[in-house]
Amino acid sequence: MDTWIWIVLAIVVVAIIVVAVLAASRRKKEQERVRREENRAHAADLRAQGEEEDLAARQREADAAAAEAQAKQARVEADRLDREARLRAEQAGQVRERAEERMRDAEALDPDYDPASDPGVAGRHAADDGDLSSGRDAGEVPGDRPRT
């Protein structure tokens, strides 16, 4: 009977080993399932964060496009104002030239005009640069009136 006890004992040991292997296998499968669930949850969190960051990036891109559009509009407005300023300056110059021309004509026609008594004459005549259209002879010195 000794053999019979050894056989039963071997069967019990093999059964214990099989149960231990099955339990370890189940535990491993359970750990794998838990790890997969954790990975799914982590992946869902990463997706949600990615979507939020994508929305934030699109918002920033829209803000950048709006700022660029405002900058373009400001450049267009600045160009328009610059053209307007140049036009007004040109018109002012034309008006000033006409006024000075009229003053020179008036000085040339007025027999009682004395350039020495007019403080603005020096500036106007300096701009003439020897223009003889004022009615003076080339030999005359400004400020000298012809003797009558």
Side-chain angles (χ1 to χ4, degrees), residues 9-148:
L9 189 59
I11 292 174
V12 170
V13 168
V14 169
I16 290 174
I17 291 175
V18 168
V19 168
V21 168
L22 288 176
S25 174
R26 283 187 187 170
R27 193 173 333 119
K28 186 176 178 180
K29 286 181 183 178
E30 182 63 24
Q31 287 174 346
E32 182 68 25
R33 186 188 64 76
V34 168
R35 188 177 54 80
R36 281 187 302 213
E37 289 300 318
E38 288 173 352
N39 285 345
R40 281 188 190 111
H42 186 65
D45 289 342
L46 290 176
R47 280 188 198 96
Q49 289 174 356
E51 288 173 1
E52 288 176 16
E53 289 174 356
D54 182 54
L55 287 173
R58 282 193 266 164
Q59 180 64 45
R60 287 187 180 133
E61 288 169 351
D63 291 344
E68 185 176 344
Q70 286 177 335
K72 284 181 181 179
Q73 181 65 34
R75 283 191 293 270
V76 167
E77 181 66 14
D79 289 344
R80 184 189 66 77
L81 290 173
D82 188 45
R83 277 193 306 272
E84 186 176 327
R86 280 182 286 171
L87 177 65
R88 288 184 180 186
E90 184 179 308
Q91 290 171 346
Q94 291 170 352
V95 169
R96 178 170 305 282
E97 286 175 15
R98 282 192 303 248
E100 289 176 355
E101 184 179 334
R102 291 195 199 299
M103 291 298 291
R104 283 191 303 267
D105 290 345
E107 292 168 3
L109 291 175
D110 188 0
D112 296 329
Y113 175 70
D114 181 15
S117 67
D118 189 357
V121 170
R124 282 199 304 271
H125 288 298
D128 288 346
D129 289 330
D131 185 10
L132 297 177
S133 64
S134 65
R136 294 188 188 99
D137 291 333
E140 287 184 354
V141 176
D144 287 347
R145 289 187 25 201
R147 299 179 196 237
T148 56

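Heavy atoms only: backbone and side chains are in, while hydrogens, waters and symmetry mates are out.
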Distance, nearest 0.5 Å, that separates [atom1] of [X] from [atom2] of [Y]:
X: E32; Y: E37; atom1: CD; atom2: CD; result: 11.0 Å
X: R40; Y: R47; atom1: CZ; atom2: CZ; result: 10.5 Å
X: D110; Y: M103; atom1: CG; atom2: CE; result: 10.0 Å
X: D54; Y: Q59; atom1: CG; atom2: CD; result: 12.0 Å
X: Q31; Y: E38; atom1: CD; atom2: CD; result: 10.5 Å
X: R35; Y: K28; atom1: CZ; atom2: NZ; result: 10.0 Å

Using a strict 4.0 Å threshold on nitrogen-to-oxygen distance, state whether [X] and [Y] make a salt bridge.
X: E30; Y: R33; answer: yes
X: E107; Y: R104; answer: no
X: R83; Y: D79; answer: no
X: R88; Y: E84; answer: yes

Within the 3.5 Å criterion, strictly below it, is a donor on Q49 or D45 matched to an acceptor on the partner's side chain? no
Does any part of the side chain of V76, heavy atoms only, come nearer than 4.5 Å to the side chain of R80, both counted from C-beta? no
Would you indicate whether the side-chain heavy atoms of R58 and E61 approach each other to under 4.5 Å? yes
Return yes when atom CZ of R60 has more than 12 non-hydrogen atoms of other residues, nucleotides or ligands closer than 6.0 Å, and no otherwise. no
Sort out for me which residue in V18, I17, I16 forms a side chain to side chain contact (heavy atoms under 4.5 Å, CB included) with V14. V18
